[in-house]
Amino acid sequence: PELAQPIAAQVSAGHRARRQAMGCATSCPQQQVTAEQPRSHPEAAMTPRNVEEFRDALSRVGRHADELIGALGGGDNCASQEDSNAAQRSPTSERPHVRRIAAPAGHEIHEVLCGDGKFHGYTSVPCESSPPEEVTMPRDEQGLYAEALELSQHFAEIHKAVSEGSQQQVARVAGGWGWALHGLAFELTDGTRVGKFLENNGREMNLLGDADLVRRGATWRTLRPGERIVKVSGHNCTTGYLAYDIKLHTNQGRSIDFSAHHSEWQGTRFEWSAPQGHEIKEVVFNGGNFQRCETAPCSLLSQSDQRGLQALMTATAESVVFALARASLTQGTQEAKYALFQAQVYGVDGSTRLAACLAEAPKTALKQMQLPTFWDPSVLKAAVVVEGSGITFNPADKINLVGRVQLGGAELQTMQAFFNAAFHKRYTRDRRDDKVPDRLEVVRACRVQNAMNWVEYRTRQEAVRASLSAMKAAGEKLLIHVDGLKTAGAFPDEAEYHLDGETNSAWLFHGTSDGAADAITSGDFRIDKAGSNAGTLYGRGIYLAESCSKADEYSLEDSEGFRRMLVCRTLLGNICYCDQRHPDADALVRSCVASGSKFHSVLGDREKVNKTFREFIVYDDDQVYPEYIVWYKRVYE
C-alpha cells in the first residue's frame with residue numbers, strides 16, 4: 001500500500017465527486033467492498049470462524065474486480081475466466097457484473113443504453129406523458145483506475161492479514177548441550193534468529209555465525225510443514241548456563257529433545273504450554289532457570305482449509321491485478337509499472353489470464369520513457385528503488401523496470417572480438433603479484449536493461465550536449481575526441497552499439513566483483529564508493545579503461561573461477577587532459593563538478609607518463625550506463 005500512495009495522491013478526487021453527483025456512488029461496488037472490512041491484523045489465530053470473514057471479504061473484492069474488468073472492456077479469455085473465478089468465490093452468488101438501476105420516483109425506464117458489452121445509462125419518462133429524459137452514469141478512465149487502485153490497496157490489507165494469521169513462525173531450532181544446555185536458538189521463517197548460545201566463560205555468541213554454533217555443538221532440527229512448538233518442559237540448571245535440559249513438544253506429537261548428561265547439575269522441573277491458537281517462537285532463560293516463552297498466533301485450520309483459502313486468494317489476486325493492469329493501460333508509465341509490480345508480489349505474473357495485459361506495461365514504459373527500441377520488453381520486471389542504490393530516489397516513483405538479456409552465439413563472438421581488440425598485455429603495479437594473462441576469454445554475457453538508470457543517462461547526455469553547444473558558441477577550445485581510442489570501431493555498425501558523437505561518447509571497461517556488478521547494474525554506480533580524493537590518483541570518481549587488460553586488474557574471481565567486467569556507455573564530453581605524474585586530485589574534481597566548470601571528464605594519460613594505460617574518470621554517475629555484464633576467465637599460454 002505504501003508504494004501506491006504517491007500514485008493515489010496523483011489520482012484526481014474529481015471523479016468521485018462526479019460519480020456522487022450523478023448518482024453513481026450508491027451503485028458503486030466499492031461501497032459494498034468497504035462496508036465489512038476484516039481486521040488488518042488478526043488478534044488471535046486463524047480459526048474456522050474468522051476465515052469465513054476473510055472468505056466473504058475476498059469474494060466481495062473479487063466480485064468488484066470482475067465488475068471493473070467488465071467496465072474496462074474485459075480482456076483475452078476474460079468472460080470464461082471471470083465466470084470461473086466468480087464461481088470459485090461464491091457459487092450461489094449472482095453474476096458479478098449485474099448492475100441494479102432504479103428509475104427516479106414518478107418515472108419509468110423508457111430505454112436501456114448499451115454498447116460494446118457495457119452499460120452506458122438509460123432514459124426514463126415520467127409516468128405522465130412528457131419528453132424522455134436521458135440519465136447517464138459515466139465512469140471515465142481516471143475514475144476506473146482510481147477504483148482499481150483503491151481495490152488493490154484494500155486487497156493488500158486482506159492479503160497481509162491472511163498471510164500473518166496463517167503462516168508458520170518457526171522454521172527450525174538448534175540446541176547445544178554437554179553437561180548442561182548451553183545454547184537454544186529458534187530460526188524464524190523470515191530468517192531471523194532468536195535465543196542464546198553461551199561460551200564456557202558465559203559470553204554470548206553471535207547467532208548468525210554458523211561456524212561458531214557448530215563449534216559449540218549446535219544441532220539443527222527442522223520443523224515439518226504445519227508443525228509448531230506448543231509446549232516446553234525440562235529442568236533448570238544449578239550451575240548457570242541456560243538450563244539443564246529441555247524438550248520442545250509440537251502439535252504433531254513430536255518431542256525435540258536436547259538432553260544433558262551430568263545429573264548433579266539437574267535442578268527443579270519446569271513445564272509451560274502455549275495458549276490455544278498460539279505457538280512458541282522463543283524460550284527465555286536467566287541464570288540457568290526458565291523464565292518465560294514468547295508466542296505468536298498460529299493457524300488452527302486444516303490443511304485442506306488452508307489450501308482452499310490460498311486458492312481463493314490467488315483467484316482474487318488475479319482479478320484484482322487484471323483490473324489494475326487493464327485500467328493502467330490508459331494511464332502513465334508509473335501506473336503500468338505498479339500493476340506489473342503487484343502481479344509479482346502476489347505471484348500471478350505467470351498467469352496466462354494476465355499475460356497479454358501485463359505485457360503491455362513494459363511496452364508502455366519503452367514508449368513513454370523513450371527507452372531503446374532494441375530492448376526486449378518481455379524480460380523487464382518491476383523492482384522497488386531504495387535509497388542508496390545509486391539511482392536518484394524519487395518518493396513519488398519508487399518502481400523501476402529492470403531485466404537482463406543473455407547474449408547468444410553470434411553476439412558472444414562479437415563481444416569476444418571487442419575484448420580482443422582492446423587487450424594489451426602490459427604489467428602495472430595495480431596487478432600486484434598476479435601474472436599478466438595472455439588473453440581474456442569471454443564465457444558468457446548479458447545486456448542490462450535498467451529503465452531508470454537509462455533515463456538518467458539520457459537526461460545527463462542532453463545536459464552535456466547543451467553545455468558543449470554553449471561553449472562552442474562562446475568560442476571555447478574543446479577536447480571532444482580521443483585520438484587512438486582502443487575501443488573505437490571495435491563493435492559492428494549496428495543500432496544497439498551506436499554512440500552519440502556530439503557528446504563524445506565511448507565504450508569503456510570497468511573491472512569489478514560479482515557482488516558489485518549486480519549492485520551497479522540493478523541500481524547504478526555510486527561515487528561515494530570510490531574512496532576519498534587522497535586514496536585515488538585522480539580523485540573520487542568512476543574509473544574506466546579503454547583496455548580490458550587494465551580493467552582486469554580490478555576484477556575478482558568468483559566461486560566458479562570466472563571474473564566479471566562491465567562494458568559501459570560513457571559520456572566524456574569536454575575532456576580535461578592530465579599527463580602529470582602527481583596530479584592535483586582536488587583540482588581535477590573541481591574542474592568537472594564546480595559551478596561553471598568547463599569539463600565533463602578527465603583523461604589520465606599514464607601511458608605517456610609510465611608506459612602503462614590511459615584511464616578515464618567521470619565524477620557524475622549519470623554519465624555512465626553499464627550496458628553489458630561480461631563473465632570471462634584469464635588465459636595463460
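For Arg353 and Ser319, the side-chain atoms include at least one donor-acceptor pair closer than 3.5 Å. Judged purely by distance below 3.5 Å, without hydrogens or angles, the side chains of Thr268 and Asn236 pair a donor atom with an acceptor atom. A donor-acceptor contact closer than 3.5 angstrom links the side chains of Thr521 and Arg404. A donor-acceptor pair shorter than 3.5 Å can be found between the side chains of Asp257 and Ser259.
In terms of modelled atom types and a separation under 3.5 Å, the side chain of His182 and the main chain of Arg216 share a donor-acceptor contact. Within the 3.5 Å criterion, the main-chain N or O of Ala296 finds no donor-acceptor partner in the side chain of Lys281. Under the 3.5 Å distance criterion, the side-chain polar atoms of Glu279 are matched with a main-chain donor or acceptor of Gln169. A donor-acceptor pair is defined here as one N or O able to donate and one able to accept, closer than 3.5 Å; such a pair exists between the side chain of Thr330 and the backbone of Ala327. Between the side chain of Asn400 and the backbone N or O of Ala383 there is no donor-acceptor pair closer than 3.5 Å.
Of the inter-residue distances, the one linking Lys381 atom NZ with Ile399 atom CD1 reads 14.5 Å to the nearest 0.5 angstrom. Note that the CE atom of Met205 and the CZ atom of Arg215 stand 4.5 Å from one another [nearest 0.5 Å].
Between Leu329 and Glu360 the shortest heavy-atom distance is CD2-CB, 3.3 Å.
The number of heavy atoms from other shown groups lying within 6.0 Å of CH2 (Trp179) does not exceed 12.
Looking at heavy atoms from C-beta onward, Phe562 lies out of side-chain contact with Asp514 at the 4.5 angstrom threshold.
Remark: Ser513 engages Ala516, Leu556 in a side chain to side chain contact (heavy atoms under 4.5 Å, CB included) (not counting sequence neighbours).
Between Trp265 and Tyr241, the angle of the ring planes stays under 30°, which puts this pair in the parallel group of the 30/60° scheme.
The list of salt bridge (Lys or Arg N to Asp or Glu O under 4.0 Å) pairs with a residue in residues 259-271, not counting sequence neighbours, reads Lys231-Glu271, Arg269-Glu271.
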